[in-house]
Colleague: 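Here it is, the structure in full.
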2 protein chains.
Amino acid sequence: MRPESTFDLQSFLPYLLTQAAERSSLEFQQVYRDRYGMLRTEWRVLFHLGLYGTMTAGGIGAAAGTHKTKISRAVHRLAERRYITRNRDGADRRVEHLDLTPRGRAVFNELRGIAADYDEALSNQLSETELKVLRTALRKLAGMQSGRFT
Amino acid sequence: MRPESTFDLQSFLPYLLTQAAERSSLEFQQVYRDRYGMLRTEWRVLFHLGLYGTMTAGGIGAAAGTHKTKISRAVHRLAERRYITRNRDGADRRVEHLDLTPRGRAVFNELRGIAADYDEALSNQLSETELKVLRTALRKLAGMQSGRFT
DNA sequence: CCCGGAAAGTTGTAACTGTAACAATATTCG
DNA sequence: CGAATATTGTTACAGTTACAACTTTCCGGG
């Protein structure tokens, strides 16, 4: 029989991660929302294109672990605002290649600067080692399944 | 002028945290959704009551960092399913004291066991030190503001 | 006492998300 | 070739969330 007193909500990783994620995204989110009316998925698409160059919707979805319908809608809105262009592939006409417009790149550049500042502000709350271990652990958790457990 | 090549999405804490949080919540979420039709906020309310005993909606909201409208709706749905009772405070009639019903406690006990197993499965992917540093860092990030930075 | 303001919750509405179903291609292989 | 199947991306609809406005109750100063 399982002991009753074992479980601690404040140590439960999914809970702790969600709290930290929500909290740490808050201020930055505020910036791209208030300033550019962007949602989180739109921000992600913008950053993928800005950092990695031309990509397809599917490629971004795979890289960011985001569902294709969310990507589809984000792409639609970004194109509407002329932050990105959509170019049908010649060989496979199901595919579209996405790119930042100059306008999109300008927004990306500004947001990247703010993101870098924000990341630094967060990082300064932790020691060097803490930060290093944290990033490693998060990458492991983000990239893996625990396997069936129920 | 800021260097162009500095920013790395895979090291950006808010991004990394969100990815890890989404990923790690997914499987557990599946359990309480499929099995009990519960949403995340309902799960949180249930666990707060199960672990800490009688609480008010406002108290849970403050403890969990969750907006009162989300709590309000979660409480409504949990009461509807007879997982919790709502008792008006005698002295301050704006306040309701919430408690698990026996039925709610049974569900809580089962979910707590599953949560403990899941946490263990996740924890096993990390070393002892990693885990310790991770929890400390997450608590810091969850509980603090970076201050003005924009 | 009683009025203004604060606090605890609730509700309306518009926006966002998830699931599944869909259309338009591409590919496989008998 | 051509029917079955897979892939890329969109859309419909139902369900969830956010924000603001609201109700009810409490508190403090005149």
Side-chain angles (χ1 to χ4, degrees), chain A residues 18-19 21-23 25-27 29-30 32-34 36-45 48-49 54-81 84-99, chain B residues 18-19 21-23 25-34 36-45 48-49 54-81 84-99:
Chain A
T18 302
Q19 298 291 92
E22 281 176 5
R23 184 63 105 102
S25 295
L26 214 119
E27 289 177 293
Q29 187 173 201
Q30 209 97 35
Y32 60 71
R33 275 196 63 203
D34 296 354
Y36 300 107
M38 259 191 249
L39 303 175
R40 172 138 66 192
T41 308
E42 290 162 40
W43 172 85
R44 285 189 183 182
V45 169
H48 274 82
L49 294 177
T54 309
M55 290 184 82
T56 67
I60 297 172
T66 305
H67 196 275
K68 59 182 180 174
T69 62
K70 281 171 93 168
I71 302 286
S72 173
R73 282 159 173 150
V75 165
H76 179 79
R77 295 186 49 160
L78 289 172
E80 209 169 47
R81 292 166 201 207
I84 67 176
T85 56
R86 322 172 62 156
N87 293 103
R88 195 59 74 176
D89 183 291
D92 184 340
R93 296 204 330 236
R94 293 169 304 181
V95 174
E96 272 181 349
H97 298 285
L98 308 171
D99 285 283
Chain B
T18 302
Q19 297 291 89
E22 282 176 3
R23 183 64 105 102
S25 294
L26 213 114
E27 288 177 295
F28 183 53
Q29 186 173 204
Q30 209 95 36
V31 178
Y32 58 73
R33 276 195 64 202
D34 296 355
Y36 300 107
M38 259 192 250
L39 302 175
R40 189 192 308 211
T41 308
E42 289 161 40
W43 172 84
R44 284 190 184 181
V45 169
H48 275 82
L49 295 177
T54 308
M55 291 184 82
T56 66
I60 297 173
T66 305
H67 197 273
K68 61 181 180 176
T69 63
K70 281 172 93 167
I71 301 285
S72 173
R73 281 162 171 146
V75 165
H76 179 79
R77 296 186 49 160
L78 288 171
E80 209 168 48
R81 294 166 200 208
I84 66 175
T85 56
R86 321 173 63 157
N87 293 102
R88 195 60 74 178
D89 184 291
D92 183 341
R93 295 200 334 235
R94 295 168 303 181
V95 174
E96 270 181 350
H97 298 284
L98 308 172
D99 285 285

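Keep in mind that the numbers below use all heavy atoms, side chains included, and drop hydrogens, waters and symmetry copies. In what follows, chains carry the letters A, B, and so on, assigned in the order in which the sequence lines appear, proteins first and then strands, with residues in each chain numbered from 1. Everything quoted here is computed from the prediction, not taken from an experiment.
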Colleague: Main chain of A74(B), side chain of R44(B): is a donor-acceptor contact present, judged purely on distance under 3.5 Å?
Modeller: no

Colleague: With a 4.5 Å cut-off on side-chain heavy atoms, are N87(A) and T54(A) touching?
Modeller: no

Colleague: In whole angstrom, what separates M38(A)'s CE from dC16(C)'s P?
Modeller: 13 Å

Colleague: Of the candidate nucleotides dT10(C), dG9(D), dT16(D), which contains the atom at the shortest distance from the side chain of R86(B)?
Modeller: dT10(C)

Colleague: Please answer whether the main-chain N or O of L39(B) pairs with a side-chain N or O of R77(B) as donor and acceptor at a distance below 3.5 Å.
Modeller: no

Colleague: Without decimals, in angstroms, what is the distance between I84(A) CD1 and dG9(D) P?
Modeller: 12 Å

Colleague: Is any side-chain nitrogen or oxygen of T69(A) closer than 4.0 Å to OP1 or OP2 of dG18(C)?
Modeller: no

Colleague: Does OP1 or OP2 of dT23(D) have a side-chain N or O of R93(B) closer than 4.0 Å?
Modeller: no

Colleague: Starting at the 5' end of DNA chain C, which residue's closest nucleotide do you reach first, E96(B) or Q30(B)?
Modeller: E96(B)

Colleague: Less than 4.0 angstrom between a side-chain N/O of R33(A) and OP1 or OP2 of dA15(C), yes or no?
Modeller: no

Colleague: Check the phosphate of dT10(C) against K68(B), side-chain N and O only, distance under 4.0 Å to OP1 or OP2. Yes or no?
Modeller: no

Colleague: Once you apply a heavy-atom cut-off of 4.0 Å, does I71(A) come out as touching a base, just sugar-phosphate, or nothing?
Modeller: nothing

Colleague: Could you tell me whether R40(B) contacts a base, only the sugar-phosphate backbone, or nothing, with contacts defined as non-hydrogen atoms closer than 4.0 Å?
Modeller: nothing

Colleague: With L98(B), which of I60(B), T85(B), I71(B), L78(B) fulfils side chain to side chain contact (heavy atoms under 4.5 Å, CB included)?
Modeller: I60(B)

Colleague: Round to a whole Å and report the spacing from CG of D92(B) to C1' of dG28(D).
Modeller: 15 Å

Colleague: Whole angstroms only, please: what is the CD-P distance between Q29(A) and dA15(C)?
Modeller: 18 Å

Colleague: Taking any heavy-atom pair under 4.0 Å as a contact, classify A91(B): base, sugar-phosphate, or nothing.
Modeller: sugar-phosphate

Colleague: Given atom OH of Y32(B) and atom P of dT16(D), what is their separation to the nearest angstrom?
Modeller: 12 Å

Colleague: R77(A) has an atom CZ; how far is it from atom C1' of dG9(D), in whole Å?
Modeller: 18 Å

Colleague: If you only use heavy atoms from C-beta on, which nucleotide in dT17(C), dT8(D), dA20(C) is closest to the side chain of R73(A)?
Modeller: dT17(C)

Colleague: Could you state the atom-to-atom distance from CG of L39(B) to P of dT17(C) in whole Å?
Modeller: 16 Å

Colleague: Please examine the side chains of W43(A) and R33(A), heavy atoms only from C-beta on, and report whether any two atoms are closer than 4.5 Å.
Modeller: no

Colleague: Would you kindly give the NZ-to-P distance between K70(B) and dT10(C), to the nearest whole Å?
Modeller: 16 Å

Colleague: Which is true for H67(A) with a 4.0 Å heavy-atom rule: it touches a base, it touches only sugar-phosphate, or it touches nothing?
Modeller: base

Colleague: Do R94(B) side-chain and dA7(C) base share a donor-acceptor contact under 3.5 Å?
Modeller: yes

